[in-house]
There are 2 protein chains.
Amino acid sequence: MNACARCEVRDTAICRSLDEREVDELNRFGRQKCLRRGEVLQWEGDESLLIGNVIEGVVKLSASTRQGKDQTLGVAYAGDFIGRPFGARADQTVTALSDARVCVFRRADFDAFARRHPELEHDLLQRTLGELDNARAWMLLLGQMDAGERVASFLVQIARRQSGGAPRQPDGAVVLDLPFGRQDIADLLGLTIETVSRQITALRRAGLIDTPRLRTIVIRDLDALSACADGE
Amino acid sequence: MNACARCEVRDTAICRSLDEREVDELNRFGRQKCLRRGEVLQWEGDESLLIGNVIEGVVKLSASTRQGKDQTLGVAYAGDFIGRPFGARADQTVTALSDARVCVFRRADFDAFARRHPELEHDLLQRTLGELDNARAWMLLLGQMDAGERVASFLVQIARRQSGGAPRQPDGAVVLDLPFGRQDIADLLGLTIETVSRQITALRRAGLIDTPRLRTIVIRDLDALSACADGE
DNA sequence: CGAAAGGTTGAGTGCTGTCAACGTCCGTGG
DNA sequence: CCACGGACGTTGACAGCACTCAACCTTTCG
């Protein structure tokens, strides 16, 4: 029995579109890799292209300007796909935000395999379309929103993300345990760390959120926060 | 003989991955539509989803905040694909920047057809991955660049885009006939019309560009402009 | 417990948005 | 052909938001 059968993301990652035998074949040229928080899986500009799935933990994609200013382009959670199939060069840096485990393939191997499996390509298409939607939604945030709206939007989005297994407190508050530090949030929102900090302080003073510990944020009034996100 | 055989974008649009018989079938539920400059093909939030190809002209995708601030999310030229297959709702407004002609399908029809044609889905995947690259490159611009860098980047990108059939003047200058007005550029770059105007004036005063007519920009020194785009 | 990393707060500056006036281009109609 | 009007673009003054620099505080981990 192969390792994939026991994989945590067997039914959520792209592998879900493959049957046992196909997964077996794909697995032959894939391997798992563990990352410590902050470790880089792939650098922007690298020649060696990796394709993969996040099995556990959180990973970010980022790019930077020539002066070293970073912009986070996306965040991948367990089950999410990372990498750029059918591409020539890596144009994003992939960094672990938490300790993480990923399943990686060499791009060439993966590409060839994908071309032989339309169901996998279809799943890939769906995921890519979703990523494009996310990226474009973020463009609206980066291009048109002020700092207050950006931070509120960010928190609302994270809250929505985990609304499935939401650890809600009796009074309806939502507890967020972020894999992000302040600098990560700043890179994501196109702001500086100081501006993020000030906005979070403002939200706390307004009673909309609490910050019991670093990296933990409690949303006390999600509706009011959503209103902030919409600029009201 | 069907109309597609004579289509200007028969070999550049997604149709290129289909043979005669398949194009015929697809064409059965498609139709052409002419748009005047400024005309809207589809509104953000619309239920009726359209999928299509740009045959002639230029079209933009945009979204806006609740307060009515617009952000352009992408620009589609002849041969480019527009729309969101396998999606529930339109989250972008599609507007003609110039008089344009498009070939449109109902989303449901197109989706069903695509699922039966892996080659088409593969092409669609390639295009979507490319769009995602573009969107992420733009995120870097929107999140990290100042007004001067944004305008310079914009011009350099347009120049590169048409470097194929580039109408270059003897001295190496590049002539750009933009389908964009100042407001369009502002929406694209996440700036105001006034800031765009000031930056263009600054570039003209610095001798890097000329603006012989509205919507025409001549790049006198592409290298220097590229340097500006990189923040030097 | 101590040190380092991470986060907060404050003061000051500068870039970009806002508001307003003016100038220029272009299509229309006399 | 010229005059006109409206759309589009430019320029200026000013204000405010976010960035920079710097000091200080807090949390976390060895």
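Within every chain, numbering begins at 1; the chains are lettered A, B, ... in the order of the sequence lines, protein sequences first and strands thereafter.
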Quick one: on DNA chain D, does Pro212(A) or Ala147(A) contact a more 5' nucleotide (nearest heavy atom)?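 Taking each residue's closest nucleotide, the earlier one in sequence belongs to Ala147(A).
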Got a sec, which pairs hit ring-ring contact (aromatic ring centres under 6.0 Å, His included) with one end in [range], sequence neighbours left out?
range: residues 181-232 of chain B; value: none
range: residues 175-208 of chain B; value: Phe154(B)-Phe180(B)
range: residues 186-232 of chain B; value: none

When you list every nucleotide of DNA chain D with an atom under 4.0 Å from a heavy atom of chain B, which one comes first 5' to 3', and which comes last? dG9(D) to dA13(D)
All side chain to side chain contact (heavy atoms under 4.5 Å, CB included) counterparts of [X], not counting sequence neighbours:
X: Asp146(B); answer: Glu149(B)
X: Cys228(B); answer: Ala152(B), Leu203(B), Leu208(B)
X: Thr12(B); answer: Val9(B)

Earliest and latest nucleotide of DNA chain C, 5' to 3', sitting under 4.0 Å from a non-hydrogen atom of chain A? dG7(C) to dA11(C)
Ring pair (Phe, Tyr, Trp, His ring centres under 6.0 Å) involving Phe105(B) - partner list, sequence neighbours excluded: Phe110(B)
Nearest-nucleotide comparison on DNA chain C, the residue closer to the 5′ end among Arg215(A) and Arg198(A):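 Looking at the nearest nucleotide for each, Arg215(A) comes out on the 5' side.
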Please, which pairs that meet salt bridge (Lys or Arg N to Asp or Glu O under 4.0 Å) have at least one residue in residues 88-99 of chain B, sequence neighbours excluded?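 Counting only pairs at least two positions apart or across chains, no salt bridge (Lys or Arg N to Asp or Glu O under 4.0 Å) contact touches residues 88-99 of chain B.
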Could you give all pairs that pass the side-chain hydrogen bond (donor to acceptor under 3.5 Å, both in side chains) test and reach residues 221-232 of chain B, with sequence neighbours left out? Arg66(A)-Asp230(B)
Taking atom types as modelled, is there a side-chain donor on Gln144(B) or Gln71(A) under 3.5 Å from an acceptor on the other?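 Yes, Gln71(A) and Gln144(B) have a side-chain donor paired with an acceptor closer than 3.5 Å.
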Nucleic acid contacts - residues 180-196 of chain A versus DNA chain D, non-hydrogen atoms under 4.0 Å: Gly190(A), Leu191(A), Thr192(A), Glu194(A), Thr195(A)
Heavy atoms under 4.0 Å, any strand shown: does Arg205(B) hit a base, just sugar-phosphate, or nothing? sugar-phosphate
